[in-house]
2 protein chains.
Amino acid sequence: MTVSVIEFGKRRTIFAAGDKAGSLPKLISGAAILYTILPDGRRQVLDLAGAGDFLHFETGGELDHFAEALTPCEVAFYDAEELLSDADMAGFLLEQMRDRLGFERRHITLLSCKSATERLAEFIDLAADCLGAENDVMNLPLTRQQIADFTGLTLETVSRTFAQWQRDETLTKVSAGTYRRGEALLAA
Amino acid sequence: MTVSVIEFGKRRTIFAAGDKAGSLPKLISGAAILYTILPDGRRQVLDLAGAGDFLHFETGGELDHFAEALTPCEVAFYDAEELLSDADMAGFLLEQMRDRLGFERRHITLLSCKSATERLAEFIDLAADCLGAENDVMNLPLTRQQIADFTGLTLETVSRTFAQWQRDETLTKVSAGTYRRGEALLAA
DNA sequence: CGAGAGTTTGACGGCTTTCAACGCGGGTGG
DNA sequence: CCACCCGCGTTGAAAGCCGTCAAACTCTCG
């Protein structure tokens, strides 16, 4: 199996919309964010990816979204044709896509929550599952703006809600990019 | 290839969350809506499906969402193992999933629009692509409540926006479930 | 003809957005 | 070494849009 592994530093672009798809990128370690740029210039975050996740499934045409490293990370590039020709690998790929589809649907559910607090609570939940968490401590290597673009809120609203949670001890900052979830956020 | 085709009347449930997945359902004709029921009882519409679309990709476990017929429709049930063992069919399935993923992402983009008018304009666009449209005339066999559950708005807001569009001639009702899009809505 | 689901319209209040100013920290260059 | 600057985050005040509640209307189906 032909595989090449490439490392990316924090904030580095892994691939861009419009690039020609050649091989399928899978995150070995670290975390990444997937987004598009809308016609009006707004950024829309589509998904978060953690270790083990594929960053796209395009085998032929052009890519339709961007991927950026949230933390330093390693990405393995698999040859698409080889992957598909192996029945086991194809089944594995199918499973991966089904998982992605599940996350996108949770994202949809999150976005249809009416209050900012509910949306952000769902976001914390989703992020913990995408990026990994040890019990109540989780990494959240996103800027306020990125969280806003994920949840469909403004960065001010995100900031205000987090500030309130900090006072409640619902979500306390452990260090930069690391938070501890209080009981109210450990529902799922 | 083992396939059985079943017909469903309007409003009939094609499958429910919690059902055991056995075979993969593909819509031959008609239209369907996919949704989940949230813990608080709210319905969340996840996706629209038209002719040619698979309704889920679960091969093993339990289904996580419902599918309901929007119009009378025929559904073909394919045996999952057979489908996966054929390399061509597996590739086809992968393509289908990629398309679904694309639609979910457009849905995400739609939901992050801040104004009700923008969201509904995006919805019209998406629905036209999912359900098919001839030029400016499209079918929209959804209730106001279903549109609200798709767009994350309330049915009152949907109704008000449609009423305004009717006055603007932005979107005019041709007959029950059939609308004509004005120029403002034919952007894409 | 009656019943019930779906739709329309109105008034009001609240929550988020918007606009604006300020604080903080890290990196750069003098 | 220090001053400056820029990105990021925080906080405040005001306005607007949508959600909520409520009532009346339409259409379909029995």
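In what follows, chains carry the letters A, B, and so on, assigned in the order in which the sequence lines appear, proteins first and then strands, with residues in each chain numbered from 1.
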Rounded to whole Å, CD of B:Gln164 lies from C1' of C:dG10 at a distance of 15 Å

Would the distance check show the side chain of A:Thr109 and the main-chain N or O of A:Arg105 forming a donor-acceptor pair, the cut-off being under 3.5 Å?
yes

Any donor-acceptor pair under 3.5 Å joining the side chain of B:Glu156 to the base of D:dC21?
yes

Distance test, side-chain N/O of A:Ser159 to OP1/OP2 of D:dG9, below 4.0 Å
no

Looking at D:dG19, I'd like to know if its phosphate oxygens (OP1 or OP2) sit under 4.0 Å from a side-chain N or O belonging to B:Thr157.
yes

In plain terms, say whether B:Arg42 and B:Asp149 are close enough for a salt bridge, that is, a side-chain N and a carboxylate O under 4.0 Å apart.
no

Just the rounded figure in Å: distance from P of C:dT9 to CH2 of B:Trp165.
15 Å

A:Thr154 vs C:dT16: side-chain N/O to OP1/OP2 distance below 4.0 Å
no

Would you kindly compare A:Lys114 and A:Leu155 by the position of their nearest DNA chain D nucleotide and give the one closer to the 5′ end?
A:Leu155

Near B:Gln145 CD, under 6.0 Å, is it more than 12 heavy atoms from other residues, nucleotides or ligands?
yes

A:Glu118 CD to C:dC15 C1', straight-line distance once rounded to whole Å:
13 Å

Side-chain N,O (B:Arg144) to OP1/OP2 (C:dT8) below 4.0 Å:
yes

When rounded to whole Å, the NZ to C1' distance for the pair B:Lys173 and C:dG6 reads 11 Å

Please report the interatomic distance CG(A:Leu140) to CZ(A:Phe123), rounded to the nearest 0.5 Å.
5.0 Å

Between the base of D:dG12 and the side chain of A:Arg160, is one N or O donor paired with an acceptor at under 3.5 angstrom?
yes

Rounded interatomic separation in angstrom, taking CG from A:Asp149 and C1' from D:dG9:
15 Å

Does NZ or CZ of A:Arg43 lie under 6.0 Å from the centre of the six-membered ring of A:Tyr35, at an angle within 45° of the ring axis?
yes

Interatomic distance where CD belongs to A:Gln145 and P belongs to D:dC6 [whole Å]
19 Å

It should be established whether A:Arg11 places a side-chain nitrogen or oxygen under 4.0 Å from OP1 or OP2 of nucleotide D:dC8.
yes

Starting at CZ of A:Arg119 and ending at C1' of D:dG19, how long is that distance when rounded to a whole Å?
13 Å

Separation of A:Leu142 atom CG from D:dG9 atom C1', in whole Å?
15 Å

